[in-house]
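Scroll down for the structure; my scribbles are underneath it.
Keep in mind that this is a model prediction, so the values were computed, not measured.
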Amino acid sequence: MTATGEGRHHTIQNGLWIVGDYRQDQFLTEGTFVLHWQLHWVAGWDPQAGEYRASVADNYGHLEILSGRINGDLLTFESIGRPPVRLRLSWHLVDDHTMIWRNEVSVQGGPFNLIERYICTTTK
């Protein structure tokens with residue numbers, strides 16, 4: 001599958017939270033349109049939890065709360081609790097203009113499997 005899309009971000013509450021709105025059109029490799037996807041993201045540092053927290057809600061009715069951590073140039077968020085399907089989202093900063101984003105899932109406590117991976121670049 002291929003996709004085109006964008007993400008736009010801004011801060012709220014004096015920089016306490018980062019809000020992102022994403023959209024993506026997905027296609028089969030021969031060009032057939034599959035779906036239009038939208039997601040709303042809110043993330044920031046939660047001092048009571050001592051970690052980053054995020055919420056995601058998409059146009060297919062999915063809502064998830066995640067905990068996050070930074071290790072070097074890798075930011076990772078994982079589902080909180082033990083839902084039947086767990087998410088792991090990661091952003092690897094390659095350089096000033098390139099980031100690799102991964103979406104992985106774990107079903108029924110099994111290993112995480114890659115669902116999608118994108119190389120993201122800034123608009124110049």
Close side-chain approach of Thr4 to Phe27, heavy-atom, < 4.5 Å: yes
Take atom CD1 in Ile119; do more than 12 heavy atoms of anything else shown fall under 6.0 Å from it? no
Hey, could you give me the CG/CD distance between Leu39 and Gln24, rounded to the nearest 0.5 Å? 10.0 Å
Is there a path of hydrophobic side-chain contacts, each under 4.5 Å between heavy atoms of I, L, V, M, F, W or Y residues, that connects Leu66 with Tyr52? yes
Verdict with reasoning, His62 to Leu87, per side-chain contact (heavy atoms from CB on, under 4.5 Å): CA-CA 12 Å; His62 181 251; Leu87 294 177; 3.7 Å; yes
In this structure, CG of Asp25 is separated from CG of Leu35 (nearest 0.5 Å) by 8.0 Å
Trp45, Trp17: one ILVMFWY side-chain cluster at the under-4.5 Å cut-off? no
What's the separation between atom OG in Ser106 and atom CZ in Arg82, rounded to the nearest 0.5 Å? 8.0 Å
Any side-chain to backbone donor/acceptor pair from Asn113 onto Val107? Under 3.5 Å, distance only. no
Side chains of Ile80 and Arg53: does their closest heavy-atom pair fall under 4.5 Å? yes
So, for Gly68 and Glu51, which heavy atoms are closest and what is the spacing to 0.1 Å? O-CB, 3.7 Å
Given side chains that start at C-beta, do those of Arg117 and Ile100 come closer than 4.5 Å, heavy atoms only? yes
Taken to the nearest 0.5 Å, the spacing of Ser90 OG from Glu104 CD works out to 5.5 Å
Could you pull out the closest heavy-atom pair between Trp91 and Met99, with the gap in Å? CD1-SD, 3.2 Å
Do the non-hydrogen side-chain atoms of Thr11 and Val19 ever get within less than 4.5 Å of each other? no
With heavy-atom distances below 4.5 Å as the criterion, would you say the side chains of Trp41 and Phe77 are in contact? yes
Whether over 12 other heavy atoms sit under 6.0 Å from Asp95 CG: yes
Pairwise distance CD1(Ile18) to CG(Leu16) - rounded to 0.5 angstrom: 10.0 Å
So, are Arg69 and Glu78 salt-bridged, with charged N and O less than 4.0 Å apart? yes
Do Thr2 and Gln26 have side-chain heavy atoms sitting under 4.5 Å apart? no
Evaluate the criterion side-chain hydrogen bond (donor to acceptor under 3.5 Å, both in side chains) for residue pair Gln38 and His40; output intermediate values, then yes/no. CA-CA 7 Å; Gln38 296 172 325; His40 184 72; over 6 Å; no
For Tyr118 and Glu116, run side-chain hydrogen bond (donor to acceptor under 3.5 Å, both in side chains): C-alpha distance rounded to whole Å, both residues' side-chain angles, the deciding distance at 0.1 Å, then the answer. CA-CA 7 Å; Tyr118 294 110; Glu116 55 190 334; 3.0 Å; yes
Sequence-distant partners of Arg23, salt bridge (Lys or Arg N to Asp or Glu O under 4.0 Å), two or more places apart: Glu6
If two hydrophobic side chains count as joined below 4.5 Å and joins carry through other members, does Val85 share a cluster with Leu114? no
To the closest 0.5 Å, what do you measure between CG (Leu89) and CD (Glu64)? 8.5 Å
Glu30, CD: over 12 other non-hydrogen atoms inside 6.0 angstrom: yes
For residues Val42 and Leu75: do they belong to one hydrophobic cluster (side chain heavy atoms under 4.5 Å, members Ile, Leu, Val, Met, Phe, Trp, Tyr)? no
Checking His97 against Thr122 for the side-chain hydrogen bond (donor to acceptor under 3.5 Å, both in side chains) test, could you report, in this order, the C-alpha distance in whole Å, the side-chain angles of both residues, the deciding distance, and whether it holds? CA-CA 5 Å; His97 301 285; Thr122 58; 3.0 Å; yes
Do the side chains of Leu74 and Phe112 join up, straight or via other hydrophobic residues, at under 4.5 Å, putting them in one cluster? no
Can you confirm whether or not the ring centre of Tyr22 sits under 6.0 Å from the ring centre of His9? yes
Applying side-chain contact (heavy atoms from CB on, under 4.5 Å) to Val56 and Asp58, what does each step give before you reach the verdict? CA-CA 7 Å; Val56 295; Asp58 71 15; over 6 Å; no
